[in-house]
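Since the model is a prediction, treat every value here as computed from it, not as a measurement.
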Amino acid sequence: MKESLENARRIVSEYTGGRYVFGSNCADKIGEILAGFGEGKKICVIMGGFEQDWSKKLQEKIKISFVVNGLSIHGGIIRGAKPDAPAEDVIRIASILGELEPNL
């Protein structure tokens, strides 16, 4: 099992050029990865589980990662869709993104 997991990580890393992160410290790396797209980008972040305790901690890690890498979250962190993506959630998110016109 461990060998299969390591092989999967290697394949995903090669395929994405290292732009896909996973594991317990992935939130700390997101700002570094996005900074590679260039300065001045309008970056939106959409997260599920928005009101959950684990999500609040993750949101803080992502915000810190953005700041450390000279980025800002355009429009704040947007509440994601509920499980099975109700149409109302998809329309709400699309509407927000349409107004904010992010680059990433």
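Transitive grouping of hydrophobic side chains (ILVMFWY, heavy atoms separated by less than 4.5 Å) brings Met47 and Leu71 into a common cluster. When hydrophobic clusters are built by joining Ile, Leu, Val, Met, Phe, Trp and Tyr residues whose side-chain heavy atoms come closer than 4.5 Å, directly or via intermediates, Leu5 is not grouped with Tyr15.
Applying the 4.5 Å side-chain rule to ILVMFWY residues, one finds Val68 in the same cluster as Ile64. In the hydrophobic clustering, where aliphatic and aromatic side chains (Ile, Leu, Val, Met, Phe, Trp, Tyr) are joined below 4.5 Å either directly or transitively, Leu100 groups with Ile46, Ile78, Ile93, Ile96, Leu97.
Here Asn7 pairs with Arg10 under the side chain to side chain donor-acceptor pair (under 3.5 Å) rule; sequence neighbours left out. Applying the salt bridge (charged side-chain N to carboxylate O under 4.0 Å, His left out) test to Lys63 and every residue at least two apart in sequence or in another chain returns Glu60. Residues forming a side chain to side chain donor-acceptor pair (under 3.5 Å) with Ser55 (at least two apart in sequence, or on another chain): Gln59. Partners of Ser13 by side chain to side chain contact (heavy atoms under 4.5 Å, CB included), not counting sequence neighbours, listed by chain and number: Phe22. With sequence neighbours excluded, the residues satisfying side chain to side chain contact (heavy atoms under 4.5 Å, CB included) with Ala85 are Ala81, Val90.
The salt bridge (Lys or Arg N to Asp or Glu O under 4.0 Å) analysis of residues 86-104, with sequence neighbours excluded, yields the pairs Asp89-Arg92. Contacts classified as salt bridge (Lys or Arg N to Asp or Glu O under 4.0 Å) and involving residues 24-43 (residues at least two apart or in different chains) are not found.
The backbone N or O of Ile91 sits nowhere less than 3.5 Å from a side-chain atom of Ser95 that would complete a donor-acceptor pair.
More than 12 heavy-atom neighbours from other residues, nucleotides or ligands sit within 6.0 angstrom of CG on Asn25. Enclosure of atom CZ in Phe50 by more than 12 non-hydrogen atoms of other residues, nucleotides or ligands within 6.0 angstrom is indicated. The environment of CD in Glu14 is crowded: more than 12 heavy-atom neighbours from other residues, nucleotides or ligands sit within 6.0 Å.
The distance from the OG atom of Ser4 to the CZ atom of Arg9 is 12.5 Å, given to the nearest 0.5 Å. Taking CD1 from Ile30 and CZ from Phe66, the interatomic distance works out to 5.5 Å, rounded to the nearest 0.5 Å.
No side-chain heavy atom of Ile43 sits less than 4.5 Å from a side-chain heavy atom of Asn103.
The two atoms that bring Ser65 and Ala27 nearest to each other are CB-O, 3.4 Å, heavy atoms only.
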